[in-house]
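Keep in mind that this is a model prediction, so the values were computed, not measured.
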Amino acid sequence: MNLRPDLAEELKNVKTVTIAGHIRPDGDAVGSCMGLYLYLKENMPQLDLKVFLEEMPQSYYLLQDSSEICHSFEEERESDLFFCLDCADELRLGKAVKYKNSAKKTICVDHHISNGGFCDVNYVVPEASSTSELIYSLLEKDKITQPAAEALYMGIVHDTGVFRHSNTAPETLEAAADLLRKGIDGSKIINLTYYDKTYYQNQILGRALLESILLLDGKIIFSVVRRRQMVFYGVEPADLDGIVQALMSTAGTEAAIFMYETDPQVFKVSLRSRDKVDVSSIASFFGGGGHVHAAGCTMQGSVYDVANNITYYIEKQLQETEKPQEDPVQETEQ
């Protein structure tokens, strides 16, 4: 499962390479895909390279050559080697799955605990902060140029919440420091791709916070955005990034549930937690996946049905962690 690929070896006699990440790409999906793409383009110009990703937030286009990303999946393409990055299963590849199926060999690099291994080579490290950090670990450090470093740094920044999340290990900071030494503007990347929001993004964030409610005596915070609200504010799903994390910053909460409506009574659910709740196991139960403290899934039903189902499993975990520990049996002297 955790088979660390040797990139130089894997790329021998390879002419065509395709790279793809998960649907609704976030900073790590884009950062890891573009980091690998730019590294290969700069060091192996003889390769026929292509990256396929769904439409992404406008701010991510600050990365060099991001205009070369293919957002349409109509092209038929057979590759010698297909890289599946930051993707826990085939379903999450969306329309790009056809490029995996037509490739001669496939490599998955990922850090989702729910990844069961679905490629020929699977380098899955759940303890890693991000797929971008894993890609960094596979590259020859002296061959990483500034453009590739910018992409990988962006990916690490996004999946660590600017180095605030518990997945930030010493190795993560060491990787980030090395990428900064390539001459990148770390502050610019953080501000433009992580913190800066449009006026309408801030409006929908404000509404989600204003209409949030506390459940289970304040242990869970919940909010929902309906499709009609998204139309009213003129926002798309990518504009909702960061809302669940803003909810999770509420003091005293153990978990946050944020959902938005994609179709009538169909909701994309994002889950976050602190130390007591494994949201990955809950998301996996409902057909999704992710990390222990950050996961998601898609569910059908009314708002109340979805919220109650998720809350039920969070409450079960909280009850387990709050059970009093039995004292061990003490032996008495005879």
Would you check if the distance from the ring center of Y313 to the ring center of F286 is below 6.0 Å? yes
Taking atom CZ of F163 as the centre, report whether more than 12 heavy atoms of other residues, nucleotides or ligands fall under 6.0 Å from it. yes
Determine whether a donor-acceptor pair (N or O, by modelled atom type, separation under 3.5 Å) exists between the side chain of E261 and the backbone of R226. no
Positive for side chain to side chain contact (heavy atoms under 4.5 Å, CB included) with D196, one of L192, T198, T193: L192
Which class fits the ring pair H291 and H112: parallel under 30°, tilted 30 to 60°, perpendicular over 60°? parallel
Side-chain donor or acceptor of D178 paired with backbone N/O of E174 under 3.5 Å: no
Would the distance check show the side chain of S32 and the main-chain N or O of T131 forming a donor-acceptor pair, the cut-off being under 3.5 Å? no
If you measure from SG on C297 to CD1 on I282, what distance do you get to the nearest 0.5 Å? 9.0 Å
Is L11 close to M44 at the side-chain level, that is, under 4.5 Å between some pair of heavy atoms? yes
For the backbone of D89 and the side chain of R92, can you confirm whether one donor and one acceptor N or O come within less than 3.5 Å of each other? no
Note: R77-D48 ion pair, threshold 4.0 Å (strictly below): yes
What's the separation between atom CD in Q146 and atom CG in D185, rounded to the nearest 0.5 Å? 9.0 Å
Within a strict 4.5 Å, meaning less than it, do heavy atoms of the Q317 and S281 side chains meet? yes
Please evaluate residues L205 and K197 with respect to the criterion side-chain contact (heavy atoms from CB on, under 4.5 Å), reporting the C-alpha separation (whole Å), side-chain torsions for both, the decisive distance (0.1 Å), and the verdict. CA-CA 10 Å; L205 168 62; K197 305 292 182 186; 5.7 Å; no
Can you measure from CD1 (I220) to CG (D217) and round to the nearest 0.5 angstrom? 10.0 Å
Quick check against the 3.5 Å criterion: does D239 have a side-chain atom that pairs as donor or acceptor with the backbone of E236? yes
Answer yes or no: is there an ion pair linking K100 with E90, defined by an N-O contact shorter than 4.0 Å? yes
Just checking K104: does its NZ atom have more than 12 heavy atoms from other residues, nucleotides or ligands closer to it than 6.0 angstrom? no
Donor-acceptor check, side chain of D80 to backbone of V14, threshold 3.5 angstrom: yes or no? no
Are any of the side-chain heavy atoms of Q265 and S302 separated by less than 4.5 Å? yes
For a 4.5 angstrom cut-off between non-hydrogen side-chain atoms, does K105 reach V121? yes
CG (L247) and OG (S270) are apart, to the nearest 0.5 Å, by 10.0 Å
Check for me, please, whether V30 and L139 land in the same ILVMFWY cluster - side-chain distances under 4.5 Å, paths through other members count. yes
Can you check side-chain contact (heavy atoms from CB on, under 4.5 Å) on T253 and R274, steps first, answer last? CA-CA 8 Å; T253 56; R274 299 189 194 274; 3.3 Å; yes
Check whether any side-chain heavy atom of K182 sits under 4.5 Å from a side-chain heavy atom of T145, and report yes or no. no
I'd like to know if E320 and K316 make a salt bridge, using a cut-off of under 4.0 Å between side-chain N and carboxylate O. no
Answer with yes or no whether the side chains of E78 and S102 bring together a donor and an acceptor at under 3.5 Å. no
Quick check against the 3.5 Å criterion: does T106 have a side-chain atom that pairs as donor or acceptor with the backbone of D120? yes
Are L318 and K219 close enough, and set up right, to give a side-chain contact (heavy atoms from CB on, under 4.5 Å), and what steps lead you there? CA-CA 9 Å; L318 289 173; K219 293 175 183 175; 4.1 Å; yes
More than 12 foreign heavy atoms under 6.0 Å from CD1 of I23: is that the case here? yes
Distance from E133 atom CD to E127 atom CD, nearest 0.5 Å? 11.0 Å
T160 and T172, any side-chain heavy atoms less than 4.5 Å apart: yes
Is it true that F267 and Y260 have ring centroids separated by less than 6.0 Å? no
Is it true that the side chains of Q229 and Y233 contain a donor and an acceptor less than 3.5 Å apart? no
Does the side chain of H293 come under 3.5 Å of the side chain of S273 through a donor N or O and an acceptor N or O? yes
Are any non-hydrogen side-chain atoms of M56 and I69 less than 4.5 angstrom apart? yes
Between Y123 and H111 (judged by ring centroids, cut-off 6.0 Å), do the two rings come close enough to count as a pair? no
Hey, is CG on D6 packed in by over 12 heavy atoms from elsewhere, all under 6.0 Å? yes
Run the side-chain contact (heavy atoms from CB on, under 4.5 Å) check on I144 and Y136 step by step: do they pass? CA-CA 9 Å; I144 300 176; Y136 165 83; 3.8 Å; yes
Polar side-chain atom of R4 near backbone of S137 as donor-acceptor pair, under 3.5 Å: yes
So, the side chain of S79 versus the backbone of F82: is there a donor-acceptor pair under 3.5 Å, distance only? no
Does atom CD of Q300 have more than 12 heavy-atom neighbours from other groups under 6.0 Å away? no
If you define the side chain from C-beta out and look only at heavy atoms, does anything of T168 sit under 4.5 Å from S129? no
Do D28 and H158 have a side chain donor and acceptor closer than 3.5 Å? no
Tell me, with the steps shown, if T311 and N308 meet side-chain hydrogen bond (donor to acceptor under 3.5 Å, both in side chains). CA-CA 5 Å; T311 300; N308 286 336; 5.4 Å; no
Are K41 and E68 ion-paired here, with the side-chain N under 4.0 Å from a carboxylate O? yes
To the closest 0.5 Å, what do you measure between CD (E150) and CG (L180)? 10.5 Å
Y99 ring centre to K50 NZ or CZ under 6.0 Å, with the angle to the axis within 45°? no
I'd like to know if the side chain of N115 and the backbone of C87 have a donor-acceptor N/O pair within less than 3.5 Å. yes
